[in-house]
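Contents: one structure, followed by commentary.
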Amino acid sequence: CLHAAGQGGAAYGECCNGRLLEVLFNTLLDACVSIRDLDRLAVVFGLMSSFDVELSAVTFGTLIKAFGQAGRLARCHEVWQKMREAKVTPTIVTYGCYIDACTRNSDADAATQVLASMAGDRVKPNAVIYTSLIRGYAHAKMPLKALEFYKEMRDQGIEATAVTFNSVLDIIARQLSDPAKLREVVEDMQQASIKPDVVTYSILIKANCNVGNVSTAIALFRQLREHSLVFDEVALNTLLLACSNAGKVRVAEEIFQEMLGMGVAPTHVTTSILVKMYGKAKQLDKAIEVSRRMEESTGCRPNLYVYTCLIQACVRNRRLQVSWDMFARMLCAGVSPDAITYGTAIQGCIYHNKFEQALALLRHAYAVPAADGTTVFQALGYDPSEAEAARAAALAAAQRPVALQRDILLALAAALRRKGTAALAAEADRIVGGLPKADAPLDTRGPMAWARALTPPDAELSAYSASTRSSQTATETP
C-alpha cells in the first residue's frame with residue numbers, strides 16, 4: 001500500500017480497500033467457523049468471488065478448519081490442492097489447520113505427510129503442530145508413535161507448552177501405565193520451567209490410581225488440596241473408584257465431602273461408584289441412602305447404571321426382596337433394564353432358589369407374558385401406585401426383548417435341572433428358544449462369580465473420560 005501511495009492516490013486507495021475487504025471477509029469466514037455454520041460460510045465465500053477479493057493463506061486455512069470440524073476431510077484435501085494450484089504459500093497457521101483437520105478426523109498418517117512437506121515451504125513446525133500430531137496418534141491408540149514425535153520435537157529444540165506436556169503425560173497414564181516414563185516427562189517439564197497446573201496433577205493422580213498406587217494418589221490429592229487446587233469431576237471419580245477398589249471406604253467418604261466442598265457436582269458415575277463401594281463393604285443401607293440423597297440434592301434420578309449397582313449391592317448383601325423392590329422401582333421410573341441388570345437380579349434368585357421370580361424376570365426380559373397373567377410386579381411382591389403402573393406400562397409397550405448373557409442362561413439351566421423343576425425348565429427353554437444343555441461348560445468360580453464381575457460404573461467412567469479428554473487437556477488451536 002505504501003508503494004502504491006507513491007504512484008498515486010487512486011492506486012493507494014484501491015490497495016487499501018482490497019486489503020480491508022480481505023480482512024473483513026476472512027473475519028466473517030472465521031465467525032462462521034466459530035458457530036460451525038457451513039451454509040453461511042459458503043455464502044460469504046461466494047461474496048468474496050463477487051467482490052474479486054484475493055484469496056490468501058488465511059482464507060484457505062479458515063476453510064480447511066471449517067471442513068475439518070465438520071468431519072469432511074476430503075474437502076480439506078480439495079481446499080489444500082486448490083491453494084497449491086493458486087500458488088498461495090501456506091503459513092505455519094495454514095499448516096496447523098490442515099494437520100489439526102487430519103488428526104481430528106483420525107488420519108494421523110496424512111498429518112505426518114503434511115508435516116514432512118513443511119520443509120519444502122521453509123516453514124518450521126512449532127509446539128502446536130507437534131501437539132496436534134501427538135494427540136492424533138494418541139487417539140489412534142499408537143502411544144509409542146506419539147512419543148516419537150515428542151522426542152523429535154525435543155531433539156529439534158522446540159519448546160513444549162504446558163498443553164504439550166499434559167498431552168504426553170495423559171498418553172502415558174492412559175495407554176502405557178509406565179511410571180518411569182511418567183517421571184521422565186515430569187522432569188522434562190521441570191527443566192523447561194513449565195509449572196504444573198491442575199490438569200497435570202489430575203493426570204498424575206489418575207496415573208497412580210491406574211497402576212495401583214492408591215496411597216500415593218491420595219497423598220498427592222491431599223497435598224494439593226492444602227493449596228486450594230480444585231480438581232475436575234473425572235479426576236475425583238477416578239480417585240473415588242480407586243479407593244473403592246482398595247476398600248478404603250472412610251477415605252472415599254472424605255474425598256466425596258471434599259468434592260462437594262469444591263462445588264463439583266456429583267454425577268451418575270459418582271453415585272454408581274459409591275453405591276458399589278458400600279455394597280462391597282456390606283453397608284447396604286448407606287448404598288441406598290447415598291442414591292436417595294443424590295437424587296434429592298441434585299434432582300438427578302438414578303439411571304441404568306445406578307439401578308444396576310443398587311440391585312447388585314442388594315444381591316451381594318443377600319437382601320433379595322430389596323433387590324426386587326429396586327428392580328420394580330426402576331421399571332416404575334421408566335428406566336429400561338439391560339442384560340446386566342436382568343442378569344444381576346436373576347443371579348440373586350438362583351442363589352436363593354427363588355425360581356418363580358427368576359422365571360418372571362426372564363419373561364420380562366424376553367417380553368413374554370405369563371400364561372396365568374401374573375405380572376412381574378406381582379411375582380416380585382411389589383405393589384406399584386397408579387402413576388408407577390402407568391409409567392411401567394408405557395415402558396413395557398416400547399420395550400424390545402433383551403437377550404441375556406450366556407453365563408446367566410447356563411446358571412439358570414443348571415439350577416433348574418439340578419432342583420428338578422421340570423415345568424419351569426421347560427418354560428424357560430421355550431422363552432429363550434433353547435436353554436444351554438446340561439453338559440455345557442459352567443463358570444466354576446462360584447455361584448456369585450458372575451455378579452461379582454459386574455462393573456457398569458467402571459465402564460461408564462472409562463467412556464466418560466474418553467469423551468471429555470479435551471476438557472482434561474486444555475485445547476490449543478493454531
Side-chain angles (χ1 to χ4, degrees), residues 209 218 221-222 225 230-338 340-341 344-345 348 382-385 387-388 391-392 451 454-461 463-465 468:
C209 290
I218 294 169
F221 171 77
R222 285 176 168 161
R225 282 299 297 147
V230 177
F231 293 87
D232 64 14
E233 178 243 332
V234 177
L236 291 166
N237 280 339
T238 303
L239 193 53
L240 284 173
L241 182 61
C243 291
S244 171
N245 291 338
K248 296 181 179 292
V249 175
R250 184 182 58 79
V251 177
E253 290 174 336
E254 291 174 358
I255 292 169
F256 178 62
Q257 291 304 316
E258 288 271 5
M259 182 179 188
L260 299 177
M262 282 184 259
V264 179
T267 65
H268 286 129
V269 179
T270 315
T271 309
S272 298
I273 292 169
L274 293 175
V275 167
K276 186 178 177 184
M277 177 186 74
Y278 284 127
K280 289 196 305 184
K282 306 298 181 183
Q283 299 181 38
L284 181 59
D285 290 342
K286 280 192 173 183
I288 296 172
E289 177 64 17
V290 74
S291 175
R292 185 190 63 78
R293 283 194 287 109
M294 289 285 198
E295 183 176 357
E296 287 181 353
S297 61
T298 65
C300 192
R301 295 182 177 179
N303 66 355
L304 169 65
Y305 296 104
V306 175
Y307 273 118
T308 302
C309 287
L310 283 167
I311 293 168
Q312 182 186 4
C314 295
V315 171
R316 185 185 294 274
N317 286 270
R318 304 188 179 188
R319 299 280 295 278
L320 201 56
Q321 183 60 58
V322 182
S323 76
W324 297 342
D325 290 346
M326 287 297 171
F327 185 88
R329 288 174 189 170
M330 181 180 187
L331 300 181
C332 292
V335 179
S336 297
D338 65 0
I340 294 178
T341 316
T344 304
Y382 186 84
D383 184 18
S385 67
E388 287 178 330
R391 283 194 296 270
L454 292 175
T455 55
D458 305 43
E460 184 181 2
L461 178 59
Y464 180 86
S465 298
T468 57

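Please read these numbers as outputs of a predicted model, since none were measured by experiment.
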Revision key, fill the gap. Taken in chain and number order and not counting sequence neighbours, the residues that satisfy ring pair (Phe, Tyr, Trp, His ring centres under 6.0 Å) with F221 are F231

Practice item. Tell me, please, which residues at least two apart from F327 pass ring pair (Phe, Tyr, Trp, His ring centres under 6.0 Å). Key: Y342

Less than 4.5 Å apart, any side-chain heavy atom of [X] and any of [Y]?
| X | Y | result |
| --- | --- | --- |
| N317 | Q283 | no |
| P337 | L331 | yes |
| T270 | M294 | yes |
| M262 | R225 | yes |
| Q257 | L260 | yes |

Practice item. Check the surroundings of atom CZ in R391: do more than 12 heavy atoms from other residues, nucleotides or ligands lie under 6.0 Å from it? Key: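 Yes, enclosed.
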
Do you know which two heavy atoms are closest between [X] and [Y], and how far apart they sit?
| X | Y | value |
| --- | --- | --- |
| E388 | C332 | CB-SG, 3.4 Å |
| K280 | S244 | NZ-O, 3.4 Å |
| Q312 | T344 | CA-CG2, 3.5 Å |
| I218 | C243 | CD1-SG, 3.8 Å |
| C314 | M326 | SG-CG, 4.2 Å |
| A287 | V275 | O-CG2, 3.5 Å |

The single option from [options] passing side-chain contact (heavy atoms from CB on, under 4.5 Å) against [X]:
| X | options | answer |
| --- | --- | --- |
| L241 | T238, N245, N237 | N245 |
| T341 | V335, T308, L310 | T308 |
| Y307 | P302, S272, S291 | P302 |

Practice item. Could you walk me through whether S336 and L304 pass the side-chain contact (heavy atoms from CB on, under 4.5 Å) test, one step at a time? Key: CA-CA 7 Å; S336 297; L304 169 65; over 6 Å; no

Review point. Does E289 come within less than 4.0 Å of R292, counting only side-chain N to carboxylate O?
Key: yes

Mind checking the [atom1]-[atom2] spacing from [X] to [Y]? Nearest 0.5 Å is all I need.
| X | Y | atom1 | atom2 | result |
| --- | --- | --- | --- | --- |
| M330 | R301 | CE | CZ | 14.0 Å |
| H268 | I273 | NE2 | CD1 | 13.0 Å |
| I288 | R319 | CD1 | CZ | 6.5 Å |
| D325 | D383 | CG | CG | 11.0 Å |
| T271 | K276 | OG1 | NZ | 14.5 Å |

**Study point:** Contacts of Y278 that satisfy side-chain hydrogen bond (donor to acceptor under 3.5 Å, both in side chains) - sequence neighbours left out
**Key:** E253

